[in-house]
Amino acid sequence: MMPSPGLEMRAERHHAMAVDGEQWLHMYRQMLRIRRFEEQVNELYMSAKMPGLAHLYIGQEAVAVGVCEALRRDDYITSTHRGHGHCLAKGASMDRMFAELLGKAPGYNRGKGGSMHIADPDTGNLGANAIVAGAVGIATGAAFSAKMRGTDQVAVCFFGEGALGQGVLYEVMNMASLWKLPVIYVCENNLYTEYTPYQEVLAGEILDRPRAFGIHAEAVDGQDVRAVYFAARRLVERARAGEGPAFLLCQTYRYYGHHVGDIDRSYYRPREEEEFWKKERDPIRLLGTWLLQERLADERILEAIAREVQAEVEAALAFALNAPYPIPDEVAQHVYADKAEP
Amino acid sequence: MMPSPGLEMRAERHHAMAVDGEQWLHMYRQMLRIRRFEEQVNELYMSAKMPGLAHLYIGQEAVAVGVCEALRRDDYITSTHRGHGHCLAKGASMDRMFAELLGKAPGYNRGKGGSMHIADPDTGNLGANAIVAGAVGIATGAAFSAKMRGTDQVAVCFFGEGALGQGVLYEVMNMASLWKLPVIYVCENNLYTEYTPYQEVLAGEILDRPRAFGIHAEAVDGQDVRAVYFAARRLVERARAGEGPAFLLCQTYRYYGHHVGDIDRSYYRPREEEEFWKKERDPIRLLGTWLLQERLADERILEAIAREVQAEVEAALAFALNAPYPIPDEVAQHVYADKAEP
Amino acid sequence: MSTLTKRNPEGASADRVITMAEAIREALAEEMRRDPQVFIIGEDVAEAGTPFKVLKGLVEEFGPQRVIDAPISEAGFTGIAVGAAMTGMRPVVDIMFGDFLTLAMDQIVNQAAKVHYMSGGRWRAPIVIRATMGATLRKAAQHSQSLHAWFAHIPGLKVVLPSTPYDAKGLLKTAIRDDNPVLFFENKAMYSTRGYVPAEEYTIPFGVADIKREGRDLTIVATSRMVQVALEAAERLAELGIEAEVVDPRTLVPLDRKTLIESAKKTGRVLVLDEGHQSYGVTAELAAAITEGAFYYLDAPVVRLGAMDVPIPFSPPLEDLTVPDPEKVVAAAKALCGRA
Amino acid sequence: MSTLTKRNPEGASADRVITMAEAIREALAEEMRRDPQVFIIGEDVAEAGTPFKVLKGLVEEFGPQRVIDAPISEAGFTGIAVGAAMTGMRPVVDIMFGDFLTLAMDQIVNQAAKVHYMSGGRWRAPIVIRATMGATLRKAAQHSQSLHAWFAHIPGLKVVLPSTPYDAKGLLKTAIRDDNPVLFFENKAMYSTRGYVPAEEYTIPFGVADIKREGRDLTIVATSRMVQVALEAAERLAELGIEAEVVDPRTLVPLDRKTLIESAKKTGRVLVLDEGHQSYGVTAELAAAITEGAFYYLDAPVVRLGAMDVPIPFSPPLEDLTVPDPEKVVAAAKALCGRA
Ligand SMILES: Cc1ncc(C[n+]2csc(CCOP(=O)(O)OP(=O)(O)O)c2C)c(N)n1
Ligand SMILES: Cc1ncc(C[n+]2csc(CCOP(=O)(O)OP(=O)(O)O)c2C)c(N)n1
Ligand SMILES: [Mg+2]
Ligand SMILES: [Mg+2]
């Protein structure tokens, strides 16, 4: 079962020792980078500067950052339609992300993928995916391959609680358990699958599902980046040591609509609920407050970070806005890989 | 959890009252009909009189009979590639079954379906299915429809433990649980999925899987037709009363190969294991012995049943062997249904 | 038909002009009022009325028992719909993006399409599967496919591709009353397309192609949104003195070969348009069928224009290259008429 | 090629003649020896060596780590293979019956086929999916389909249909070395077909059609087992003084249009054979492509012979009506040559 908070605390304490202030500040910066990047994405949409739609991750930053901080650069992740946070947390740079979202040539994927398909081998990002649960096979396969190739890489599979509706998830969890694969299934329960409260489409207890397949499973407060980080680190170390797969349920919330165009949300969730999470459960404010309390930072430092992040966003956006579109010939490139490239 | 045998007993006792000797004798006859029918099918294959292959149910008779005895004629079942037993237990007649297996016109399905696709609306048989877990959606949908139409029909979904590998099973169990559908998932664990011991491809405990979706689940000795019947009756009454779906795990064993052509099995299962089940765990002998002990029958009666069943098999086979093939025109019939037919 | 067609898709102002989305919603509402066995199942179909808002208001009229929000389980709820259809209901399944049909192929192709035949006619599965298709909306490779050719290849399935609000309503009502599994493809780029739809009830039979525009110089056979593209191209061609006849098969299965072939015989030149990938797609069957029937009347081989054989890219300038547009059609038509 | 082809499928007794199953097993064994990244995953592939015994002996040589028995989870293990392929392995996925591809369509079509393009060329998925096809074995509607047309319609996938042991071995080795997802369709009615296969190593390039028999009077384009049917028909036609040229594209994607069109130009009469359903199938694309390239050389429209547009029935006398056989081909060829 899920360990009681008390136990959780004790279990983590010695870990805490190993984490210095710099690393917490880094996580603070990472969460802020995601927040500001996406606020800018929303503005691009509102000002009709961005083609198509985007699914904002704002509110869930602690999950992507807490988990990815526990990973090595050569570890793998798979992401979702709501993937900007995962990509940035795994090491993507804003300029090429913006460029991809605008369909520009210097984008991570030549503008061919867009918001829902950002992929980057350099940071172990196997790709965001526009099919719900579409990447669970890929992530499990990457873990399978790491084991076969004898590396100690770990694969993290991010998905929303809506992905629990897709049968393929159970198929691959069964194999991950049978073959003790180094894969961690990170389920971000933000309470809604599109416009439907998740309890209306999900029976039973989420954690019972991975456990039914013999997979170690735990839940964590997805707004507390430190809790997410400690849990992820334990599970990653476990997987790296060959002790098999795990499932981490993160309780979280998205502040914006299902996508940038989902403005009037009152018919599926109350304004008060949104306000509560933003006011009481904001992952960035929670970490900031703790940093100040623990004297790991002062207002000055946090403001400096904010300024730097803002500058980074502006420079990255300028880069993307000025970048060229791919040339017409590119439409027929990359349909098939030939030994030559890349 | 699964009730201890002791509890099981007590729970069933008062039920036992309600079952008279005639009904047990009927179940004995039903199991024997399946056994003899399939022995004949095997002979047809061995003597090259039957086109294609067949998957024999012999050894598992108590599951089909125990479950179907708890059903009404207008209740639904879906069956599998190993479906002859389910079809007979639900009320199919041998002559039209043989005819179907031989591809003859009077077969249940004009010979178009064959061994793996016997379907019969008159007995609520939605069809055997050659796709593993291919009918779990259909069975759940029939229960869904019964609920929508306000009938008190129940649907039983038969499948082997190998079907636990198919994700769609979890998708439909989730909905059956959410919507409290009158469906009973009957999993026949005969220890092998084709030529592979089931533990090699299945992680965790089988019963934990339905339970993870909030579905009531129990296990029963699949060789003891009385135990199967009592369990099925309870679960069917429960479903009929609107108390929702259930999962019944039946421990059983197939005596023959995966299909009639699977003769040399030594590489995947030991001869001794086969002998043990045939000698110690035969569902027909177990019930026969009990009937004699309880004085519900004497040798004379059981022999009479055997003679009658043998005669039934011979007459049915003669009917099928003499039956005509469908005429060539039928190949293009039934591709599309028109309001007219049938 | 023809008069209605003439006023289609730009209805005379006097007539009732509504959007494709409204026409589809009307068809569903009318059939649900008419037959209590009809119900809708899919993701976010109830309060949300789908992301395209096509089903807006239906749950209010028919309640959550008949407009059912399902989990993200395309295979599961499609399978449930098949079982429900076999046992007396008439489900209308909502597949938000046609790309997700990949998840329900076994239920559609191995189960729904075959149960009537495999059972020797004893079971039937009257189910309608509504799915979106079409590119140009910047939704990238997994939300822009037009996979209807796959289903047209499978016996036991019927395949419908409406190109106007009028056709969409009449064909959807027919689909719901049909006793077979029907794939109904809605082009997501056309939901706001407006057109004439009479207030009186009507249905449109399957297997009857519609001549959207008459012409003598060449025949343009087109499906779904490509019909609009063809009509636009035809206007420009007319300015060049080329009168194109635009023929819409409306249903790929059953296919009205006769009307296609007659038009081909009349004009002697044929251009086939479809938004699915060109290779091994719908344009191949239509070109082959027309050639088989009108070979000796053709001045030139049938010209095919499908989507490029590339996954649909996100980048706008690239995506716009992948599907036929009026410019491409005009160019191809001019070349075909020796006016290049 | 041609000499090898001539000795194919009936190898001169002096040559090494093996079955299709053996040829496939040899290709797999050779590539697994050559490249440690190659592994096999599927149902009952290890000790059982699949129900068709095609993989017999491989687990003994390569061990259970490289010949992996998976649960009955086609979507799951295909997805795992895609992820493994992206990260340095070369999986060969075994789909026991091609009918089960319906369960893995999302993994194949939305993931494997598109990841290279969607990532702007940054990821690749070198995966081979071996699946069976073909009817006439009394396996009924869910175990007899030939669904290769679906995959040929999807950009990003390559599609291979060998018709002889020689081609099967050479093409499978090429498929395993290819950096793209390849669908490799094996006709289950041909596993025991024998043919010449040299002892020396060789590979066969994709996109090169093979002329299995030369002739001047008509061209028969055929795939997979239909090539054997065409060759048998050609012998009978020869007795009637009709010399048929039999052309096997061998790979549908990439397609060697040039060779097909040249043969069509030479003979002026074309018959296209494929075991998939005729409508919206492979015969349509081949007929359209040939007509586009050889229109002015054709004496008559290309004739198509695919499987009937009906689910495959179990009843032997009915099943035998559904797929083209030498009699049907001879009749069609005679009619085409005005000798009916
Ligand atoms: C297979 C599939 N079905 C439906 C969709 C449409 N869709 C996109 S996101 C989404 C909801 C996903 O909810 P969840 O997994 O909880 O992720 P969240 O959006 O909450 O982050 C749906 C239904 C899809 N992309 N893929
Ligand atoms: C989707 C699918 N995959 C594979 C097969 C091939 N196949 C037929 S039966 C079988 C094993 C089924 O095992 P189980 O469910 O335990 O039933 P049993 O044969 O033991 O009765 C397999 C793999 C199939 N028919 N369908
Ligand atoms: Mg969610
Ligand atoms: Mg079994």
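First the proteins, then the strands, lettered A, B, ... as listed; each starts at 1. Below, each value reflects all heavy atoms present in this structure, side chains not excepted, and no hydrogens, waters or symmetry copies.
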Contacting moiety of [X], where chain C heavy atoms sit under 4.5 Å:
X: A/D262; result: neither
X: A/I327; result: backbone
X: A/Q333; result: neither

**Q.** Heavy-atom contacts under 4.5 Å, residues 94-115 of chain C to chain A
**A.**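 Heavy-atom contacts from residues 94-115 of chain C to chain A are C/M96, C/F100, C/L103.
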Q: Please list, in residue-number order, every residue in residues 79-86 of chain A that has a heavy atom less than 4.5 Å from any heavy atom of chain C; write 'none' if there are none.
A: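 The stretch does not come within 4.5 Å of chain C.
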Q | Expected output: side-chain C/S73 to main-chain A/G165 donor-acceptor under 3.5 Å | A |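 Side chain of C/S73 to backbone of A/G165, a donor-acceptor pair under 3.5 Å: yes, one is there.
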Q: Considering only heavy atoms and a distance below 4.5 Å, find which of C/D69, C/L318, C/L137 pairs most often with chain A.
A: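 It is C/L318.
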With a 4.5 angstrom heavy-atom cut-off, could you sort out which part of [X] is near chain A: side chain, backbone, both or neither?
X: C/D309; result: backbone
X: C/E43; result: neither
X: C/A46; result: neither
X: C/A48; result: both

Q: Measure across A/V331 and C/P313 and return the closest heavy-atom pair with its distance rounded to 0.1 Å.
A: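 Distance-wise, the nearest heavy atoms are CG2-CG, 4.2 Å.
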